[in-house]
Amino acid sequence: MKIAVYPGTFDPFTLGHLDIVERALNVFDELVITVAVHAEKPTLLNADIRIDLIKQSTKHLDGVRVVSFKGLIAEHAQQLGACALVRGLRSSQDLDYESQMAHTNRVMNPALDTVFFHTSATHAFTSSSLVREILHWNGDIRPFVPKVIAEVLMDSDFLDKVKSR
């Protein structure tokens with residue numbers, strides 16, 4: 001069984017992320033979406049909410065597991081018995097950063113490869129930070145995130161809580 005880990009902050013999980021998940025499942029038997037927890041990095045959504053929303057967004061897919069992790073992703077992948085990390089690329093800038101991370105992770109875990117998926121053209125400009133910016137200005141995020149996530153994030157009570165931070 002080929003297991004891959006798809007790590008990220010996923011704050012929030014976008015349609016671009018979902019596209020990568022669906023395509024990675026054509027290559028791997030199981031994909032463990034790993035929600036990174038950084039104590040020093042402020043997020044719009046806490047890890048438990050991100051995990052729940054990703055689970056809801058991927059419930060139609062077989063072979064997906066969603067977990068959180070704090071620490072080195074190379075060690076996490078090894079603990080899971082994963083053979084690869086999955087990463088999405090939108091631009092050459094992403095490639096530069098991701099290549100450095102892939103080399104570092106390979107040094108830390110020589111059995112771990114990194115597999116890059118170019119984001120589909122329809123999602124090439126979508127990012128979680130873009131979604132957060134649109135949300136901040138009360139814009140419509142529905143074209144960029146799964147339906148369940150849009151419903152939660154665009155709820156007026158939720159928006160009031162986010163803006164009061």
Side-chain angles (χ1 to χ4, degrees), residues 4-26 28 31-73 76-77 85-102 105 114-165:
V5 173
Y6 184 20
T9 307
F10 304 114
D11 186 43
F13 188 76
T14 68
L15 290 174
H17 294 130
L18 183 59
D19 173 59
I20 298 297
V21 168
E22 291 170 343
R23 291 168 49 216
L25 286 170
N26 291 322
F28 300 100
L31 186 65
V32 182
I33 301 172
T34 299
V35 175
V37 178
H38 302 284
E40 69 283 351
K41 185 177 180 181
T43 57
L44 176 66
L45 304 168
N46 71 41
D48 291 336
I49 293 172
R50 286 180 276 155
I51 288 168
D52 182 57
L53 290 174
I54 295 168
K55 284 179 179 178
Q56 290 181 57
S57 299
T58 59
K59 69 181 177 185
H60 65 287
L61 300 170
D62 292 328
V64 173
R65 188 166 25 135
V66 186
V67 300
S68 65
F69 183 73
K70 188 177 193 178
L72 297 172
I73 201 64
H76 174 63
L85 295 177
V86 167
R87 300 300 294 156
L89 299 175
R90 291 172 301 197
S91 67
S92 60
Q93 293 159 332
D94 285 349
L95 179 60
D96 289 344
Y97 172 78
E98 293 295 344
S99 292
Q100 180 182 13
M101 295 306 299
N105 286 321
T114 300
V115 177
F116 299 109
F117 288 86
H118 264 281
T119 304
S120 297
T122 54
H123 304 296
F125 62 91
T126 303
S127 68
S128 294
S129 57
L130 175 72
V131 171
R132 289 191 307 271
E133 181 72 11
I134 293 168
L135 188 64
H136 175 77
W137 296 106
N138 296 321
D140 184 0
I141 61 169
R142 288 177 294 187
F144 310 107
V145 297
K147 183 179 179 181
V148 66
I149 293 175
E151 289 171 355
V152 169
L153 295 183
M154 293 179 69
D155 177 86
S156 60
D157 291 336
F158 180 82
L159 284 174
D160 289 342
K161 288 177 193 173
V162 169
K163 289 188 176 191
S164 68
R165 286 186 187 179

* Structure fact -> Between Ile54 and Val66 the two heavy atoms that sit nearest each other are CG2-CG2, 3.7 Å
* Asked: Backbone N or O of Ser99 within a donor-acceptor pair of the Arg87 side chain at under 3.5 Å?
  -> no
* To do: May I have the step-by-step check of side chain to side chain contact (heavy atoms under 4.5 Å, CB included) for Leu44 and Leu153, ending in yes or no?
  => CA-CA 10 Å; Leu44 176 66; Leu153 295 183; 4.3 Å; yes
* Counterpart residues, side-chain hydrogen bond (donor to acceptor under 3.5 Å, both in side chains), relative to Arg132 (two or more places apart) -> none
* Hey, what do you get for CG (Asn46) to CD1 (Ile51), rounding to the nearest 0.5 Å? -> 9.0 Å
* Structure fact -> Smallest heavy-atom separation, Pro146 atom then Leu18 atom, equals CG-CD2, 4.4 Å
* Are any of the side-chain heavy atoms of Met101 and Ile73 separated by less than 4.5 Å? -> no
* **Side-chain donor/acceptor of Arg90 to backbone N/O of Thr126, under 3.5 Å** => yes
* Shortest non-hydrogen contact from Leu15 toward Pro143 -> CD1-O, 3.3 Å
* Any donor and acceptor pair, going by atom type alone, linking the side chain of Thr14 with main-chain N or O of Val145 inside 3.5 Å? -> no
* To do: Over 60° means perpendicular and under 30° means parallel, so classify the ring planes of Phe10 and Tyr6, tilted if in between.
  => perpendicular
* Full working for side chain to side chain contact (heavy atoms under 4.5 Å, CB included) between Asp19 and Thr122 -> CA-CA 10 Å; Asp19 173 59; Thr122 54; over 6 Å; no
* Calculate, to the nearest 0.5 Å, the distance between atoms CD and CD belonging to Glu98 and Gln93 respectively. => 12.5 Å
* To do: Apply side chain to side chain contact (heavy atoms under 4.5 Å, CB included) to Ser57 and His17, showing your working.
  => CA-CA 10 Å; Ser57 299; His17 294 130; over 6 Å; no
* From Leu85 atom CG to Thr114 atom OG1, the distance as rounded to the nearest 0.5 Å -> 4.5 Å
* What's the spacing between Phe13 CZ and Thr58 OG1 if we round to 0.5 Å? -> 6.0 Å
* Asked: Val35 and Thr9: which non-hydrogen atoms are nearest, and at how many Å?
  -> CG1-O, 4.0 Å
* Return yes if some donor-acceptor pair links the side-chain N/O of Ser128 with the main-chain N/O of Pro12 below 3.5 Å, else return no. => yes
* Structure fact -> Here the pair of heavy atoms bringing Val5 nearest to His76 is CG1-CD2, 4.1 Å
* For Arg142, does the CZ atom have more than 12 heavy-atom neighbours from other residues, nucleotides or ligands under 6.0 Å away? -> no
* **Asp140, CG: over 12 other non-hydrogen atoms inside 6.0 angstrom** => yes
* Nearest 0.5 Å please: distance from the CG atom of Leu89 over to the CZ atom of Phe116. => 5.5 Å
* Between Gln100 and Asp96, a side-chain donor and acceptor under 3.5 Å -> no
* Considering all heavy atoms of both residues, which atom of Gly88 and which atom of Asp94 are nearest to each other, and what is their separation? -> O-OD2, 4.5 Å
* Roughly how far apart are Ile134 CD1 and Ile141 CD1, rounded to 0.5 Å? -> 8.0 Å
* Structure fact -> Residues at least two apart in sequence or cross-chain that pass side-chain hydrogen bond (donor to acceptor under 3.5 Å, both in side chains) with Ser127, listed by chain then number, are Ser129
